[in-house]
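Heavy-atom basis, side chains included; hydrogens, waters and symmetry copies ignored.
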Amino acid sequence: MAKYLLLKHYRGAPTPVNDVPMDKWAPEEISAHVQYMRDFADRLEGTGEFVDGQALAPEGAWVRYDGEGRSPVTDGPFAETKDLIAGWMVIDVDSYERAVELAGELSAAPGAGGQPIHEWLEVRPFLAAPPTISDCH
């Protein structure tokens, strides 16, 4: 089994087919979307492929170390950036092909008008081991 991270983006990915921002959806459309996500996770929990998943708020800040004895430096909020992560799901599957298949199903979550979003999801494998010097060249 291999773990994969499925990333949902607010922005920064190719435009989905049903390109209506969630803040323009009716309450029942949001409820249907959230229920689809829950049902998807429950189904994968039943097959042993679900590890974890969370939705993220658009607020946040960049943080970095600024030297010994100094407070961390922050920059943000970063709501204007292209790469805001809306949420994520970790799956543990037998193959990359299965990860892609599940991402395709997740992309069908309903949006405006109850129609599938056809959103782009980023599929990223977890490293099985730390990279070696030869991996960096």
Side-chain angles (χ1 to χ4, degrees):
M1 301 283 277
K3 289 189 174 100
Y4 289 86
L5 179 63
L6 306 181
L7 289 172
K8 294 173 64 72
H9 294 267
Y10 284 111
R11 294 186 299 268
T15 304
V17 173
N18 188 351
D19 190 26
V20 178
M22 189 178 261
D23 62 356
K24 304 278 192 243
W25 297 1
E28 61 273 8
E29 293 168 337
I30 293 171
S31 294
H33 181 82
V34 170
Q35 189 61 53
Y36 183 97
M37 303 290 288
R38 285 186 183 134
D39 292 345
F40 184 83
D42 288 347
R43 185 168 55 85
L44 294 188
E45 210 168 88
T47 64
E49 296 172 306
F50 180 79
V51 176
D52 197 6
Q54 295 291 324
L56 299 174
E59 300 83 26
W62 292 94
V63 178
R64 72 168 182 154
Y65 172 75
D66 198 37
E68 189 65 38
R70 298 180 67 169
S71 297
V73 176
T74 61
D75 184 21
F78 51 71
E80 70 282 354
T81 65
K82 291 176 27 169
D83 301 326
L84 268 168
I85 305 298
W88 52 269
M89 183 177 289
V90 177
I91 57 174
D92 194 0
V93 295
D94 289 326
S95 66
Y96 172 76
E97 290 76 20
R98 178 66 176 153
V100 168
E101 176 186 345
L102 292 174
E105 289 182 38
L106 194 54
S107 171
Q115 297 302 307
I117 297 173
H118 298 269
E119 76 178 316
W120 290 90
L121 295 170
E122 189 175 348
V123 177
R124 302 277 303 271
F126 279 62
L127 285 175
T132 64
I133 291 175
S134 63
D135 293 335
C136 299
H137 296 293

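With hydrogens and angles ignored, the 3.5 Å screen pairs a side-chain donor or acceptor of Ser31 with a backbone N or O of Pro27. Looking at Asn18, its side chain does come within 3.5 Å of a backbone N or O of Ala112 through a donor-acceptor pair.
Residue Arg124 holds its CZ atom at 12.0 Å from CG of Leu6, rounded to the nearest 0.5 Å. To the nearest 0.5 Å, the span separating CG on Leu121 from CE on Met89 amounts to 9.5 Å. To the nearest 0.5 Å, the span separating CG on Leu44 from CG on Asp92 amounts to 11.0 Å. Rounding to the nearest 0.5 Å places CZ of Phe50 at 9.5 Å from CZ of Phe40. The structure places CD of Gln54 at 5.5 Å from CG of Asp52, a figure rounded to the nearest 0.5 Å. One finds the CD1 atom of Ile85 at 8.0 Å from the CG atom of Leu5 (value rounded to the nearest 0.5 Å).
Taking the six-membered ring where tryptophan is involved, the planes of Tyr4 and Tyr96 are tilted, since the angle between them lies from 30° to 60°.
Both Leu102 and Val100 sit in one connected hydrophobic cluster of ILVMFWY residues. Membership requires side-chain heavy atoms under 4.5 Å apart, directly or through other members. In the hydrophobic clustering of this structure, Val123 groups with Val93; members are Ile, Leu, Val, Met, Phe, Trp, Tyr whose side-chain heavy atoms approach within less than 4.5 Å, directly or through other members. Hydrophobic clustering (side-chain heavy atoms under 4.5 Å, transitive across Ile, Leu, Val, Met, Phe, Trp, Tyr) keeps Met1 apart from Phe126.
Here the shortest heavy-atom pairing between Leu127 and Pro131 reads CD1-CD, 3.8 Å. The heavy-atom pair separating Pro110 from Gly114 by the smallest distance is CB-O, 3.7 Å. Heavy-atom minimum distance, Asp66 versus Arg64: OD1-NH2, 3.4 Å. Contact detail for Tyr36 and Glu105: the closest heavy-atom pair is OH-O, 2.5 Å.
By the neighbour-count criterion of 12 heavy atoms within 6.0 Å, atom CH2 of Trp120 is sparsely surrounded, having that number or fewer from other residues, nucleotides or ligands.
For the pair Leu106 and Met37, the minimum side-chain heavy-atom distance is below 4.5 Å. Looking only at side-chain heavy atoms (C-beta outward), Glu29 and Val20 stay at 4.5 Å or farther from each other.
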